[in-house]
Amino acid sequence: MTHRILFVCLGNICRSPAAEGAFRARALHHTTDSAGTSGWHIGDPPYGPMQKAARARDIDLSDLRARQLVAEDFDRFDLIIGMDANNIGDIEAMRPPGNESTVRLLTDFIPHSRANHVPDPYYTRDFEGALDLIEEAVAGLDAHLSAKL
Ligand code: 4NP
């Protein structure tokens with residue numbers, strides 16, 4: 001079954017494009033996109049240090065451009081995945097009445113995870129740690145969706 005999955009973070013230049021890139025590299029048959037809850041970086045490519053760290057793991061983010069989450073995304077995507085609790089609050093605040101899309105944290109898909117969010121590497125500068133969590137989570141997401149076939 002093909003799912004429509006939207007990855008969401010604050011700026012749409014670090015965590016959500018990395019999650020989109022890591023997921024699409026392993027699960028080609030789904031529709032994927034990413035967006036930011038803010039409009040701060042609209043039109044920008046993923047942040048250079050994140051692109052570089054992802055590239056070293058064979059994840060190419062160079063074609064992605066930032067955009068802001070819009071209400072229509074709730075109709076276009078059946079699974080919307082945030083990186084931290086602030087993202088989830090901002091996403092839920094935009095949910096149109098009657099919409100039933102699933103909204104989850106990315107770390108929910110890491111089995112027995114110690115992490116309950118993906119720390120923002122734009123501030124922590126820990127791009128490797130963020131990518132470790134993201135890669136583990138998208139593997140879990142892929143397994144979760146495959147099991148639902
Ligand atoms: P992201 O990281 O939400 O993972 O894309 C950020 C990138 C930029 C900013 C904040 C978070 N910013 O304040 O510009």
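Both counts, for ligands and for their atoms, begin at 1 and track the order of listing. Reckoned from all heavy atoms, side chains included, excluding hydrogens, waters and symmetry mates.
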Could you tell me the residue and atom name of the protein heavy atom closest to [atom], and the distance to it rounded to 0.1 Å?
atom                    : answer
atom 1 (P) of ligand 1  : Cys9 SG, 3.5 Å
atom 14 (O) of ligand 1 : His41 NE2, 2.6 Å
atom 11 (C) of ligand 1 : Asp120 OD2, 2.9 Å
atom 3 (O) of ligand 1  : Gly11 N, 2.8 Å
atom 13 (O) of ligand 1 : Tyr123 OH, 3.0 Å

Answer yes or no: does an N/O atom from Trp40 fall short of 3.5 Å to an N/O atom of ligand 1?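 In fact, backbone or side chain, Trp40 has no N or O that close.
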
Geometric N/O contact Ser16 with ligand 1, under 3.5 angstrom: no

For residues 64-117, which residue pairs qualify under ring pair (Phe, Tyr, Trp, His ring centres under 6.0 Å), counting only residues two or more places apart or in two chains? Phe109-His144

Strictly distance-based, threshold 3.5 Å: is any side-chain N or O of [X] a donor or acceptor partner for the main-chain N or O of [Y]?
X     : Y      : result
Arg24 : Thr32  : no
Arg26 : Glu135 : no
Asp90 : Asn87  : no

Relative to ligand 1, is Met83 under 4.0 angstrom through side chain, backbone, both or neither, heavy atoms considered?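 None of Met83 does.
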
Mind checking whether Ile13 contacts ligand 1 via backbone (N, CA, C, O), side chain (CB onward), both or neither, at a 4.0 Å heavy-atom cut-off? both

Grab the two heavy atoms, one from Thr124 and one from Pro119, that are nearest each other, plus how far apart they are. CG2-CB, 4.2 Å

Among side-chain atoms of Asn12 and Ser34, is any donor-acceptor pair under 3.5 angstrom?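 Short answer, yes.
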
Can we say Asp33 and Arg67 salt-bridge, meaning some charged N sits less than 4.0 Å from an Asp/Glu carboxylate O?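 Yes, Asp33 and Arg67 are salt-bridged.
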
Do the charged groups of Asp75 and Arg4 touch, with an N to O distance under 4.0 Å? no

I need the atoms of ligand 1 closer than 4.0 Å to a non-hydrogen atom of Leu10, numbered in the order shown.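 What qualifies from ligand 1 is 3 (O), 10 (C), 11 (C).
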
Does Met50 come within less than 4.0 Å of ligand 1, judged by its heavy atoms?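 No, that is not the case, since the closest heavy atom of the residue is not under 4.0 Å from the ligand.
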
Tyr47: heavy atom below 4.0 Å from ligand 1, yes or no?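 No; Tyr47 lies far enough from ligand 1 that no heavy-atom distance drops under 4.0 Å.
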
